[in-house]
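Accompanying notes for the structure given below.
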Amino acid sequence: MNRIKLLELHLEIDSVIIGERIKGGTFRPCQDTIPSSTIEGALKRYFGIKAPAVGFFEDTYEFDEFTYSVRDKMLNISKLPITTLYLKPKPPHKKIKAKVYILYSRGAGLKDELKNAKFQLGALKSKGFGESEIVNVEEIESEIKQGILKVKVFEVEAMEFRIEPISPVYGYLFKPDRFSIEGVYKRALFPGSLVKAPDVLLKEVSFYDE
Amino acid sequence: MGKIYRVFEKNTRVIREPDGSILIEYNGEKVKTIKEAGGGRRTTGDTNIDKGKWQARLVKCWIKFPHSFVRLHDINLLRKREELINYIISHYKDEIIFATSDFITLFLPPNQDLKGILKPLLDWGFYIEVEETLADLGILNSILDRKTLQARESNDQPRLNVLNNRSTKVYRKYLVPEIPDALQPPICNICQQRKAVKRSPESKEESVRDWVCEKCQEIREMGEPFREYATVWEEEGVKVCWFKFSLDQKKLENWLQNAFGEYVDSFNFRQADVLKDEFRPLALQVDFSKDYKKMLKEFWKELAGIEDIKKPIAEYDELGVFKYSPELTKMVIDRFMNLFDEYFPDCASDNSSPVSLSLSIANIKYPIREHWRFFEENCKNFLNIRYLKVLSEKYTKDELEDIKKVINLETSSSFLHKLIQLENTLQSEIHIAVEIFNNRKKYPEIYEIFSKGIKSSKFLNLYRLLKGERQ
């Protein structure tokens, strides 16, 4: 069978920071993709869903900066201000739109629970970033095609989505341990990889020899 | 081309038959004539496939990196890339048809190991996006990959019939450094591919840890790109404008193919389509790339001696930085436009232009990696400008010329100034449009560019940048 059944979550987000790992300096960049590590963490925390998930933002966002100061509670002083990039809706959009996919077999029973549910995604939640609403949940069938991947997904979870690397671009995503205290960087497929995958996860369909 | 001849010379064997005839063997295939080796030149048609016996690969390599420039020293990576490319060229002079700072085209026999050739780049953490075409010599050219993929997408059977029967293959590959399945923290802040084993010294002002792997540390220690940036300029707290030239090879291929098509059409040849189909742009790409490099050298020659404009990496001509001022911004844009006219007078100069210039203006504290992120964005136009938190615009060359004529007029100046004030207070494009229309008789030159479809924000922003209008 050349199709896969998925649960497609339509998200609307006010503003969000999914930080990059770079820690140097007082300026924090942010990503414009939703790594599977981030969305899986959020689904687990807010809904108790332990399932592979992938996602991406649609072209409804732009970057802006937010400056804040971290407080040292012990010394009761503020540290140097830190500026972080964040995503905000790109006019005329009022919200950032994103799509998240869960395997239908793992999320079929959650459809009603997830519809209109609210949760937070990414960093600086205490400052109000990452407030997200699942405005729609659809069961979809996506055809498996060759193309260029547009999501970041753990390599070990890619096969569950029937993502088969033909020529992969690798990077690392952080996988917390079961206590969410420590963790390890796991190899992941990054956007740009040439794959066979559900076409909803492709930036473009391609016709290369394999 | 001499290079291709020499690649064959290395990979062929001359066999003298008992009857005195001569055969040449390449990749296990013996031929007596050029036609037998290369086959026909057509890539479409139902009959007469005319398959050749010899195949070769044309390999396009985009050299990329996952690194993020955390500190100024980290742009030494660009120097390292230049060094490594030059090293590879010196070892594979014949196989490498041409190279720029981030792109290499190779001509290779079917079995030669590409990864082996590019290993020095992989060892330093670069990765290579490869588009490789394997085809009969009679049809192998630098745009056959595109033609083949288009034929597959549109299911163009006459073309696919020939291409498939001639065993034409197009591959996309990534050559990537070997990385393990899992990595224990900390991970390198710069390349994000290796375990960080060193923490570089923290400056007094910074309390944030900076984890760096050995390779990236070595690159960091290659030297300070230019000292004044982090000392004098930073102390002065100036605004800086980083700028980068780019040559987009895919746009170059497109433009060459379209320009050749238009040229052929202008003669009304009966066999125009055949000529267009057999077009081989590789030699033109080589010449264009050489001219591009010469243009950059000329650019820097003309700006030599200007204290506030710097080339941070001496060996790398695409990247520059200056203390932002309207005068220097104007100078850089004017030099680029003049040189572009001189070197590429008939070349596309809009969003299909192979050559572009991007400028990114921000306070000196703004991280270089964010300037670089802007430079690496797709969808470039001829000129791309971002002034952090102030403006972001893209211009075609025609738009620039039209706007510059207007903003250089003394008579327009007061009205442009008024429009900027209106824009600042009302934030309304419609009000600006009405104001321009109402003043069309008094300021016809502004109405003229506006009625050409150039948005008011484009000429007002350029006025701000080049005339130093206060934000």
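What's counted below: heavy atoms across the whole structure, side chains too, no hydrogens, waters or symmetry copies.
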**Asked** B:Lys389 versus chain A, heavy atoms under 4.5 Å apart: side chain, backbone, both or neither?
**Response** side chain
**Complete:** Whatever's closer than 4.5 Å to a heavy atom in chain A on B:Val170 counts as both
**Fill in**
Applying a strict 4.5 Å limit to non-hydrogen atoms, the region of B:Ser392 in contact with chain A is neither
**Item:** Side-chain heavy atoms of B:Pro185 within contact of A:Tyr185, under 4.5 Å
**Value:** yes
**Prompt:** Would you say B:Leu183 and A:Arg187 make side-chain contact, with heavy atoms under 4.5 Å?
**Reply:** no
**Item:** Choice from A:Val205, A:Val169, A:Asp64 maximising heavy atom contacts with chain B below 4.5 Å
**Value:** A:Val169
**Asked** Can you check whether A:Glu65 reaches B:Leu388 side chain to side chain, under 4.5 Å on heavy atoms?
**Response** yes
**Complete:** Between the CZ atom in A:Phe190 and the OH atom in B:Tyr127, the distance rounded to the nearest 0.5 Å is 10.0 Å
**Prompt:** For the side chain of A:Tyr172 and the backbone of B:Ile187, is there at least one donor-acceptor N/O pair under 3.5 Å apart?
**Reply:** no
**Message:** So for atom NZ, which belongs to A:Lys150, do other residues, nucleotides or ligands contribute more than 12 heavy atoms lying within a distance under 6.0 Å?
**Reply:** yes
**Message:** Just so I know, are the side chains of B:Lys365 and A:Thr83 near enough to count as touching, which here means a heavy-atom distance under 4.5 Å?
**Reply:** no
**Message:** I'd like to know if the side chain of B:Arg172 and the backbone of A:Ser167 have a donor-acceptor N/O pair within less than 3.5 Å.
**Reply:** no
**Request:** Sort and list the pairs that fulfil side-chain hydrogen bond (donor to acceptor under 3.5 Å, both in side chains) and have at least one residue in residues 198-210 of chain A, not counting sequence neighbours.
**Result:** A:Ser142-A:Asp199, A:Gln146-A:Ser206, A:Gln146-A:Glu210, A:Lys196-A:Glu210, A:Tyr208-B:Glu131, A:Asp209-B:Arg152
**Request:** Enumerate by number any residue of residues 88-101 of chain A whose heavy atoms lie under 4.5 Å from heavy atoms of chain B; in the absence of such residues, state 'none'.
**Result:** none
**Message:** Does B:Lys251, at its NZ atom, have more than 12 non-hydrogen atoms belonging to other residues, nucleotides or ligands within less than 6.0 Å?
**Reply:** yes
**Segment of B:Pro180 engaging chain A (4.5 angstrom heavy-atom cut-off)** = both
**Prompt:** Just wondering, are more than 12 heavy atoms of other shown residues or ligands nearer than 6.0 Å to NZ in A:Lys175?
**Reply:** yes
**Request:** Could you tell me which of B:Gln184, B:Gln150, B:Lys64 has the largest number of non-hydrogen atom pairs under 4.5 Å with chain A?
**Result:** B:Gln184
**Message:** Is A:Ile166 close to chain B through its backbone or its side chain, or both, or neither, when contacts mean heavy atoms under 4.5 Å?
**Reply:** neither
**Fill in**
Scored by heavy-atom pairs under 4.5 Å with chain A, the best of B:Glu129, B:Gln193, B:Arg373 is B:Arg373
**Prompt:** Non-hydrogen atoms of chain A under 4.5 Å away: do they reach the side chain of B:Glu370, the backbone, both or neither?
**Reply:** side chain
